[in-house]
Colleague: 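Please see the structure below; I have some questions.
This structure is a prediction, so every number in the text was calculated from the model and none was measured. Just so it is clear, the values below take in all heavy atoms, side chains as well, and ignore hydrogens, waters and symmetry mates. Numbers for residues simply follow the sequence, beginning at 1.
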Amino acid sequence: NSWGQMYQDWYISSPGVLVHEMGHSLNLAHSGSEGITWSGGRVGDGGYTDHTCAMGNPIYQDEEGKMCFNPAKNFQIDGWYNDAKFTLDPAGLAGPATAASWEGDLVGIGEYDERTSNEPVTFKIETGTPKDIFVGFNRAVGANEDNDLADDIVNVIRVEGNDGEGYAQSNLISLLEQGESFTESGIVDYANLTIRVNSIDIDTVPGKANVFIGFEQCLDDTQCQDLAGGCFTATCKAQGTVGANVLGCLNAPTPGCCGNDLCEFGETGTSCADDCIVGPHSIQPDDCGGCWIRDGAMFDVEAKDHPLTITKVEYKAYTSTGNVRLYYRIGGKAGYVSGTSLPANGWIYETQAAACGAWRYCAIDNASIKVPAGEKVGLLVA
């Protein structure tokens, strides 16, 4: 794989061989098959048996050679079709989670420049391993008109490494005509990946294959599996309910069970360390030396993975007289308008304590401000 190419004898006259070797210069590996049967017959296993792709080296004539690469290779090449590469990753295995499924039109590489609605030409399914799956429409037209196998149907490819983003053997794993589907288990817990071809239309420009690519949703509770540990109960919450996983299966915590990620009444850091994080925990602001805040201190407290309850706030008073009050604001302090009343800005009075002396640490210790997991509250000590 380099800029240089050497050809032996008559191979120099075969456009298909030239394209193949140029693919190596683009860091593309060979394209074979895992051994599949489709409506057109049998494709044997081997390193060169994917003849939907120039990296399978299928064409040796000197007058033919208009053939492109398969969806995995097209995804790997950076810069050629970047606006026509789609990725499905509903579990967030390699980045931000996507929708659980996609349904729409695929366009072939040979008509990439004829697209009218930003249709993808190569579609990646993230598997959480280096061996990702790719889908494309093998339209035999234009730069791909001399395609050697399975004209005008959908091809499904698996790479052997590098997530389809670097040098790796790719293998043909399915060829799908209209009405056919392919399934793969084990990518996302409790659901199968489904690739289904709804229709194929080659009477239009560009030709299109309408496909469903995604993880089928659960239909009832029997298709859902409780998480390990016995502290969660799985139910089917119906087709992608907010808070459910990509299957629609929601694992709800079982009340009173140590290990359900909730520190419940009667549990302590000693009796259930899995749920109750031993405190107390302190929040230390930046040291400002001898500074003081005449009208109070305002800051946010955010609960990350677990809910928390604020029961005590310590402060350093600048006066030995008077009371110090504690307020909170749901959602954080952002949005407070200086000079307006606290209630008008959503601030809620919680409690107060008498000052314990000038420049001494004092405590407001009779609070009970609850912060749900994933949310924040603003606090004001004034």
Colleague: Who passes side chain to side chain contact (heavy atoms under 4.5 Å, CB included) against Val371, sequence neighbours left out?
Modeller: Ala303, Leu308, Ile310, Val377
Colleague: Which pairs count as salt bridge (charged side-chain N to carboxylate O under 4.0 Å, His left out) when at least one residue sits in residues 362-372, sequence neighbours excluded?
Modeller: none
Colleague: Mind checking the CG-CD spacing from Asp201 to Gln178? Nearest 0.5 Å is all I need.
Modeller: 9.0 Å
Colleague: Are Val211 and Glu103 close enough that some pair of their side-chain heavy atoms sits under 4.5 Å apart?
Modeller: no
Colleague: If we ignore angles and hydrogens, is there a donor and acceptor under 3.5 Å between the side chains of Thr254 and Asn260?
Modeller: no
Colleague: So do the side chains of Leu26 and Trp80 get within less than 4.5 Å of each other, counting heavy atoms only?
Modeller: yes
Colleague: A side-chain contact here means heavy atoms from C-beta on lying under 4.5 Å apart; do Ile157 and Asp50 qualify?
Modeller: yes
Colleague: Could you tell me which residues satisfy ring-ring contact (aromatic ring centres under 6.0 Å, His included) with Tyr112, sequence neighbours excluded, listed by chain and number?
Modeller: Tyr81
Colleague: Listed by chain and number, what are the side chain to side chain donor-acceptor pair (under 3.5 Å) partners of His30, not counting sequence neighbours?
Modeller: His20, His24, Tyr48
Colleague: Could I get the full list of ring-ring contact (aromatic ring centres under 6.0 Å, His included) partners for Tyr328, not counting sequence neighbours?
Modeller: none
Colleague: Looking at residues at least two apart in the chain, or sitting in another chain, which of them share a side chain to side chain contact (heavy atoms under 4.5 Å, CB included) with Asn147?
Modeller: Thr52, Met67, Asn138, Ala140, Asn144, Asp151
Colleague: If you measure from the SG of Cys231 to the SG of Cys258, is it under 2.5 Å?
Modeller: no
Colleague: So, using side chain to side chain donor-acceptor pair (under 3.5 Å) as the criterion, who are the partners of Ser181 when residues are at least two apart?
Modeller: none
Colleague: Looking only at the side chains, is there a donor atom on one of Gln76 and Asn74 sitting less than 3.5 Å from an acceptor on the other?
Modeller: no
Colleague: Can you give me the closest heavy-atom contact between Val159 and Gly164, atom names plus distance?
Modeller: CG2-N, 3.6 Å
Colleague: Do Ser117 and Asp105 pair up side chain to side chain, a donor and an acceptor below 3.5 Å, judged on atom types alone?
Modeller: no
Colleague: Kindly state each residue pair satisfying salt bridge (charged side-chain N to carboxylate O under 4.0 Å, His left out) with at least one member in residues 161-181, sequence neighbours excluded.
Modeller: Lys124-Glu165
Colleague: My understanding is that only residues two or more places apart in sequence, or in another chain, count here; which of them pass side chain to side chain contact (heavy atoms under 4.5 Å, CB included) with Thr127?
Modeller: Thr129, Asp132, Ile133, Ile187
Colleague: Does any non-hydrogen side-chain atom of Ile213 lie less than 4.5 Å from one of Ile125?
Modeller: yes
Colleague: Distance from Leu172 atom CG to Phe134 atom CZ, nearest 0.5 Å?
Modeller: 14.0 Å
Colleague: Which distance, rounded to the nearest 0.5 Å, do you find between the CD of Glu126 and the CG of Leu93?
Modeller: 6.0 Å
Colleague: Rounded at 0.5 Å granularity, tell me how far OG in Ser174 sits from CG in Asn155.
Modeller: 9.0 Å
Colleague: Taking the six-membered ring for Trp, is the centroid-to-centroid distance between Phe123 and Trp102 below 6.0 Å?
Modeller: yes
Colleague: Linking I/L/V/M/F/W/Y whenever their side-chain heavy atoms sit closer than 4.5 Å, directly or via other members, would Phe137 and Ile173 fall into one cluster?
Modeller: yes
Colleague: Does the side chain of Glu111 reach to within under 4.5 Å of the side chain of Val205, using non-hydrogen atoms?
Modeller: yes
Colleague: Does anything in residues 70-89 pair up under salt bridge (charged side-chain N to carboxylate O under 4.0 Å, His left out), and if so which pairs, sequence neighbours excluded?
Modeller: Asp83-Arg115
Colleague: Considering non-hydrogen atoms only, spot the tightest contact between Gly142 and Lys66 and give its length.
Modeller: O-CD, 3.8 Å
Colleague: Can you confirm whether Tyr327 sits close enough to Leu379 that some side-chain heavy atom of one is under 4.5 Å from a side-chain heavy atom of the other?
Modeller: no
Colleague: Of the non-hydrogen atoms in Cys272 and Gly259, which two are nearest, and what is the gap between them?
Modeller: SG-N, 4.0 Å
Colleague: Which residues satisfy the side chain to side chain contact (heavy atoms under 4.5 Å, CB included) test with Asp45, sequence neighbours excluded?
Modeller: none
Colleague: Ignoring hydrogens and geometry beyond distance, is a side-chain donor-acceptor pair present between Ser170 and Ser31 at under 3.5 Å?
Modeller: yes
Colleague: Residues two or more places apart in sequence or in another chain: which of them pass side chain to side chain donor-acceptor pair (under 3.5 Å) with Glu34?
Modeller: Arg158
